[in-house]
Amino acid sequence: LVGGDGIDTAVLEAAWSAYVVTRTAAGHLLFTRDGEQDEVCVDVERIRFGAGADAITVDLRPSPEGTGPDSVITALGPVLA
């Protein structure tokens, strides 16, 4: 998936806990589920995991300086490496 102008959201079908998320040497995000590569995202600002009432959207844009971390990782969420 390659984003364009504005804020782009990649939609992944499974729940967020099903994915391992890694950043490639080129800075792209690679999503792996059940040992299979699902998507590579370039210039995408948000990721939506799952659908319906259980969907989770993660905003990947940097936080304004001094307002907190750029991302928050929990034990129930994807692993970021």
Pairwise side-chain contact, Leu29 with Thr22, heavy-atom cut-off 4.5 Å (strictly under)
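No, every pair of side-chain atoms sits at 4.5 Å or beyond.
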Heavy-atom closest contact (Glu45 atom, Asp8 atom, distance):
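Result for this residue pair: OE1-N, 2.7 Å.
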So which heavy atom on Glu13 is nearest to which on Tyr19, and how close?
N-OH, 3.7 Å
Compute whether any side-chain donor of one residue and acceptor of the other, for Thr57 and Arg48, lie under 3.5 angstrom apart.
yes
Straight-line distance of Ile56 CD1 to Trp16 CH2, nearest 0.5 Å:
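Ile56 CD1 to Trp16 CH2: 5.5 Å, rounded to 0.5 Å.
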From CG (Leu30) to OG1 (Thr24), nearest 0.5 Å
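One gets 7.5 Å once the value is rounded to the nearest 0.5 Å.
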